[in-house]
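Read the structure below first, then the notes.
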Amino acid sequence: MPSIDPIELLVLLVIGFGGTAFWIWMIIECITKERDPDRLVWIVIIAVTHFIGAAIYFVIQRPRRIAHSGPPPG
């Protein structure tokens with residue numbers, strides 16, 4: 001049985017926790033900022049496909065929503 005190097009384990013843990021944190025951030029952003037017709041569809045996409053769905057939302061839908069509603073005040 002192959003053993004895993006502690007550095008490899010650390011890298012895998014950082015990637016895993018980082019991906020999960022990003023996934024949770026995108027779900028929260030979708031729930032709080034999307035309009036009703038799109039919200040449920042994006043929540044399902046993000047929840048079912050985990051990191052890939054969160055990345056798709058971040059790259060495609062989030063900039064589209066920001067461009068449509070304008071930049072945040074401040």
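The figures that follow rest on heavy atoms only: side chains count, while hydrogens, waters and symmetry mates do not. What you see is a predicted model; the values in this text were computed from it and never measured.
Between the CD1 atom of Ile4 and the CG atom of Leu10 there is a distance of 10.5 Å, given to the nearest 0.5 Å. Taken from CG in Leu13 to CG in Leu9, the straight-line distance is 4.5 Å, to the nearest 0.5 Å. If you take SG on Cys30 and CZ on Arg62, they are separated by 11.5 Å, rounding to the nearest 0.5 Å. For the atom pair Ile45 CD1 and His50 NE2, the distance stands at 15.5 Å (nearest 0.5 Å).
Residues Ile56 and Ile46 have side chains not in contact (no heavy-atom distance under 4.5 Å, counting atoms from C-beta outward). Contact of the Glu29 side chain with the Tyr57 side chain is registered, since non-hydrogen atoms from C-beta on lie closer than 4.5 Å.
Taking hydrophobic clusters as Ile, Leu, Val, Met, Phe, Trp and Tyr residues chained together by side-chain heavy-atom distances below 4.5 Å, Trp42 shares a cluster with Ile28. No continuous path of ILVMFWY side-chain contacts below 4.5 Å connects Ile43 to Val48, so the two sit in separate hydrophobic clusters. Taken together through direct or relayed side-chain contacts under 4.5 Å among Ile, Leu, Val, Met, Phe, Trp and Tyr, Ile24 and Leu40 form parts of separate hydrophobic clusters. Hydrophobic cluster membership is shared by Ile31 and Trp25, with clusters built from Ile, Leu, Val, Met, Phe, Trp and Tyr side chains linked at under 4.5 angstrom.
Atom CD1 of Ile7 is surrounded by 12 or fewer heavy atoms from other residues, nucleotides or ligands within 6.0 Å.
Between Arg39 and Asp36 there is a salt bridge, since a side-chain N of the basic residue sits under 4.0 Å from a carboxylate O of the acidic one.
Under the side chain to side chain donor-acceptor pair (under 3.5 Å) criterion, no residue pair touches residues 4-24, with sequence neighbours excluded.
Under the salt bridge (charged side-chain N to carboxylate O under 4.0 Å, His left out) criterion, Glu34 pairs with Arg65, not counting sequence neighbours.
Ring geometry for Phe22 against Phe51 counts as tilted: the plane angle lies between 30° and 60°, on a 0 to 90° scale.
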